[in-house]
Number of protein chains: 2
Amino acid sequence: MKKPPKPSALEDHLGFWLRYVSNHVSQSFGAKMAGQGISIAEWALLRVLYDSNAVAPSEAAARLGLTRGAVSKLTDKLVAKSFITRKTGEKDRRYQVLSLSSAGRQLVLRLAALADENDAAFFGHLKPAQRAALKKIMQDMVSRFGLAEIPTE
Amino acid sequence: MKKPPKPSALEDHLGFWLRYVSNHVSQSFGAKMAGQGISIAEWALLRVLYDSNAVAPSEAAARLGLTRGAVSKLTDKLVAKSFITRKTGEKDRRYQVLSLSSAGRQLVLRLAALADENDAAFFGHLKPAQRAALKKIMQDMVSRFGLAEIPTE
DNA sequence: TATTGTTATACTCTATAACTATA
DNA sequence: TATAGTTATAGAGTATAACAATA
């Protein structure tokens with residue numbers, strides 16, 4: 001009697017476990033952001049603008065790995081919520097200048113605190129050495145494989 | 001002069017790095033599946049059916065953390081591709097019985113091999129002890145936080 | 001009534017590519 | 001022509017909830 005081949009199970013893969021945990025961490029984070037009326041993609045854009053205020057949409061798109069169209073829509077939403085402003089460039093009127101409003105700047109501080117909180121809730125129980133090792137492995141992989149796109153999902 | 005507060009950066013969070021890597025691993029895997037004409041969600045359903053052939057859609061939905069509606073559509077697609085069959089239950093005609101066709105069974109073997117390949121490509125460079133530690137940490141988190149939904153994305 | 005599976009509808013997120021205005 | 005931003009369209013994936021068949 002021939003026994004059926006036994007293909008690997010989902011749980012045999014490290015990628016499965018990584019995704020499992022990562023999905024939950026992100027969902028939890030997404031829920032915290034949603035509680036503030038902000039999507040994760042919006043958060044990423046806000047965070048970019050906090051670091052270098054006055055960024056053109058095309059530049060933001062490049063940094064976030066999104067299309068200009070996607071950034072255009074994110075911008076619409078954030079402008080509608082008064083967290084950012086959008087002005088036409090002075091020298092070259094094709095460009096726009098995106099900047100955080102002061103409400104936007106405050107929001108980023110609040111969201112960053114939530115991000116810290118979320119990370120602590122999931123990883124706080126690990127020993128510092130474990131956290132460091134985990135981070136190092138992930139960062140190594142990013143450079144080893146030349147992984148490009150930043151997670152915006 | 002008051003200096004602006006410095007909120008944590010995206011890269012300060014372990015969750016960010018986990019997602020960064022996980023996204024790439026999954027995208028790569030998804031591309032391999034797509035090469036076989038199968039989505040990741042379809043793959044997950046196929047894999048469930050391989051383990052216990054003759055599963056009701058509602059049961060599959062429960063195992064995968066999807067709605068019955070979602071499973072209904074996945075089933076449509078897989079039946080159309082002749083990888084699974086769908087019969088009405090004999091005892092209780094409300095239930096259906098989903099089973100792999102022999103083509104489906106072969107497909108699962110092929111896909112599982114691709115999954116192995118994908119995992120090896122990303123994690124093969126790690127030392128066995130590192131892989132084990134990584135897996136352990138992830139599994140610990142799953143049980144520690146009672147994370148329920150299996151990743152189907 | 002309760003449950004299974006189906007389906008109509010909607011929503012979110014994103015991409016592609018055509019379009020407008022500016023250069 | 002070339003580039004920035006916009007927008008029309010589409011597609012993937014999923015949920016909600018109403019529905020038909022069956023129990």
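On a predicted model such as this, the values are computed, not experimentally measured, just so you know. Reminder, nothing fancy here: chain letters follow the sequence lines and each chain counts from 1.
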Checklist entry - Going through the distances and angles, do A:Ser26 and B:Arg19 end up as a side chain to side chain donor-acceptor pair (under 3.5 Å)? => result CA-CA 8 Å; A:Ser26 286; B:Arg19 184 141 199 87; 3.1 Å; yes
Next on the checklist: Could you see if B:Val48 belongs to whatever hydrophobic cluster contains B:Tyr95? Use Ile, Leu, Val, Met, Phe, Trp, Tyr and a side-chain cutoff under 4.5 Å.
Outcome noted: no
Next on the checklist: Between B:Val79 and B:Leu46, is there shared hydrophobic-cluster membership here, with clusters defined by ILVMFWY side-chain heavy atoms closer than 4.5 Å?
Outcome noted: yes
Item to check | Length of the CD1-C1' vector between A:Ile84 and D:dG5, whole Å | outcome: 13 Å
Checklist entry - Just by distance, do the side chain of B:Arg47 and the backbone of B:Ala112 share a donor-acceptor pair under 3.5 Å? => result no
Next on the checklist: Going by side chain to side chain contact (heavy atoms under 4.5 Å, CB included), name the residues that satisfy it together with B:Gln139, two or more places apart in sequence or in a different chain.
Outcome noted: A:Trp17, B:Lys135
Next on the checklist: Output the rounded distance in Å from CG (A:Leu64) to C1' (C:dC13).
Outcome noted: 14 Å
Next on the checklist: Tell me the bend of the helix from C:dT1-D:dA23 to C:dA23-D:dT1 as the angle between end helix axes, each from five pairs, rounded to the nearest 10 degrees.
Outcome noted: 30°
Checklist entry - Within this structure, what is the CD-to-P distance between B:Glu42 and D:dA12, rounded to whole angstrom? => result 11 Å
Checklist entry - Is B:Thr67 near enough to D:dA15 that one of its side-chain N or O atoms lies under 4.0 angstrom from OP1 or OP2? => result yes
Under 3.5 Å, which protein N or O atoms sit close to an N or O of nucleotides 6-10 of chain D? Give each pair with its distance.
| from | atom 1 | to | atom 2 | distance (Å) |
| --- | --- | --- | --- | --- |
| D:dT6 | OP1 | A:Arg86 | NE | 3.4 |
| D:dT6 | OP1 | A:Arg86 | NH2 | 3.2 |
| D:dT6 | OP1 | A:Gln96 | NE2 | 3.3 |
| D:dT6 | OP2 | A:Ser72 | OG | 2.6 |
| D:dT6 | O5' | A:Ser72 | OG | 3.4 |

Checklist entry - Where the side chain of B:Asp119 meets the backbone of B:Asp116, is there a donor-acceptor pair that is under 3.5 Å apart? => result no
Checklist entry - Distance-only, no hydrogens or angles: does the A:Lys81 side chain make a donor-acceptor pair with backbone N or O of A:Gly37 under 3.5 Å? => result yes
Checklist entry - Which whole-number value in Å describes the distance from B:Leu45 CG to D:dG13 P? => result 14 Å
Next on the checklist: Holding to salt bridge (charged side-chain N to carboxylate O under 4.0 Å, His left out), I want the full list of residues that pass it with B:Glu11, two or more places apart in sequence or in another chain.
Outcome noted: none
Checklist entry - When the distance from NZ of B:Lys77 to C1' of D:dG11 is rounded to whole Å, what number comes out? => result 11 Å
Next on the checklist: So if I take residues 87-95 of chain A and measure heavy-atom distances to DNA chain D, which residues fall below 4.0 Å?
Outcome noted: A:Arg94, A:Tyr95
Item to check | Gap between atoms CD and P, on A:Gln27 and C:dT12 respectively (whole Å) | outcome: 16 Å
Item to check | ILVMFWY cluster, B:Val55 and B:Val97 together (side-chain gap under 4.5 Å) | outcome: no
Checklist entry - Side chain of B:Thr75, backbone of B:Val71: donor and acceptor closer than 3.5 Å? => result yes
Checklist entry - Which residues satisfy the side chain to side chain contact (heavy atoms under 4.5 Å, CB included) test with A:Leu109, sequence neighbours excluded? => result A:Tyr50, B:Pro5, B:Pro7
